[in-house]
Structures are given as C-alpha cells and as structure tokens.
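Data block below; observations after.
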Amino acid sequence: MSTYDENNIFAKILRGEIPCKKVHEDEHTLAFEDIAPQAPVHTLVIPKGKYVSVDDFAARATDAEIGALIRAVGKVARLKGVADPGYRLLSNIGAEGGQVVPHLHFHILGGVKLGTMLVKV
Ligand code: AMP
C-alpha cells in the first residue's frame, strides 16, 4: 500500500486550498462535483481522513468513518436524484484499477442509462 500524499488534489480541496462544487459535507465526509463529468450526474464522495484507497480505508478506518462514508453515498445519490432509477458506484484502486487521485473516492455516476460496466480487456 502506498503512503498518503499530502499534496494530492483532494487533500488540497479538503484543506480549502482549491475550490470545489460542494454537494454534501459532514463530520467525516465531503462530496463534490467531478471536474470532468463522465455522465449527467458525476459526483465524488470522499472521507475527510487520509486514506489512499478502499484497500487502505478497509484496513485503517474506524467503524464511524466507514459508516459515515457509506451513508454519505446514499444521501448524495438521493440528493442528486439518481437513487431511483439507479446509478453506478465506482472506486478505482491503485495502478491497475486506474486510480489517478490517491485519496479514496467513490464516483456516483448516473442521470442516464449507463452502458456495459467494462469494455472487455
Ligand atoms: P480516479 O481515476 O478514480 O482517481 O478519478 C479521479 C477523478 O477526479 C476524475 O474523475 C477527475 O475528473 C476528478 N478530479 C480531478 N481533479 C478534480 C478537481 N479539482 N475537482 C473535482 N474533480 C476532480
């Protein structure tokens, strides 16, 4: 597992050094619009704690942090109007998973009927 990079772009958003279009915030989580949306709804949900990925989060986060993140996903999906008819929840992990920003984030993608989950590799 790689160590946490304090200068990653989401760490800067959490420190208020660069702006974001905030959708939701609570004690443990922040949600904001993706800067390069891949669907009509593309919102990111992140923990405030310093976790690289789901793998890191599962190993080190408290039960309160884990619960808060999943609850925030549900809340943001409802706020964005995609809980019904549905959406895709995605988290890229590490180099082979295609993760670019090394701070755990869930992508909420929806607002349109989404295609095949993966193009066969
Ligand atoms: P991933 O490939 O899973 O690491 O996804 C990183 C996501 O972060 C991409 O969808 C980017 O468009 C998004 N992103 C990068 N910089 C920003 C930013 N400053 N504000 C919002 N979203 C961003």
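Note that the coordinates shown come from a computational prediction; the quantities given were computed from them, not determined experimentally. For the single chain, residues carry numbers from 1 onward in sequence order. Order of listing sets the numbers, starting from 1, for every ligand and every atom in it. Values below: every heavy atom of this structure, side chains too, minus hydrogens, waters and symmetry copies.
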*Which residues pass the ring-ring contact (aromatic ring centres under 6.0 Å, His included) test with Y51, sequence neighbours left out?*
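For Y51, the residues satisfying ring-ring contact (aromatic ring centres under 6.0 Å, His included) (neighbours in sequence not counted) are F57.
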*Would R60 and E65 pass as an ion pair if we require N to O under 4.0 Å?*
no
*Salt-bridge test for K48 and E27: reply yes if a basic N is under 4.0 Å from a carboxylate O, no otherwise.*
no
Number the atoms of ligand 1 from 1 as they appear, then name those within less than 4.0 Å of a heavy atom of [X], with their elements.
X	result
F32	21 (C)
E33	21 (C)
Q99	4 (O)
N92	1 (P), 2 (O), 3 (O)
H107	1 (P), 3 (O), 5 (O), 7 (C), 10 (O)
L44	8 (O), 22 (N)
A36	12 (O)

Report yes if [X] has an N/O atom closer than 3.5 Å to an N/O atom of ligand 1; otherwise report no.
X	answer
I35	yes
V101	yes
G98	yes
H42	no
V100	yes
D34	yes

*May I ask you to check whether H103 and H105 place their ring centers less than 6.0 Å from one another?*
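Ring-ring flag for H103/H105: false, centres at least 6.0 Å apart.
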*How far is atom 8 (O) of ligand 1 from its nearest protein heavy atom, and which residue and atom is that?*
F10 CZ, 3.4 Å
*asked:* Tell me the protein heavy atom at minimum distance from atom 6 (C) of ligand 1, and give that distance in Å.
replied: H105 NE2, 3.5 Å
*What part of L90, side chain from CB on, backbone N/CA/C/O, both or neither, has a heavy atom under 4.0 Å from ligand 1?*
neither
*What distance separates Y87 OH from H42 NE2, expressed to the nearest 0.5 Å?*
13.5 Å
*If you measure from NZ on K80 to CG on L109, what distance do you get to the nearest 0.5 Å?*
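Atom-to-atom, K80:NZ and L109:CG are 12.0 Å apart.
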*Run the side chain to side chain donor-acceptor pair (under 3.5 Å) check on D26 and T29 step by step: do they pass?*
CA-CA 5 Å; D26 60 41; T29 73; 3.0 Å; yes
_K12 near ligand 1 by a heavy-atom separation under 4.0 Å_ =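 Not so, K12 does not reach ligand 1.
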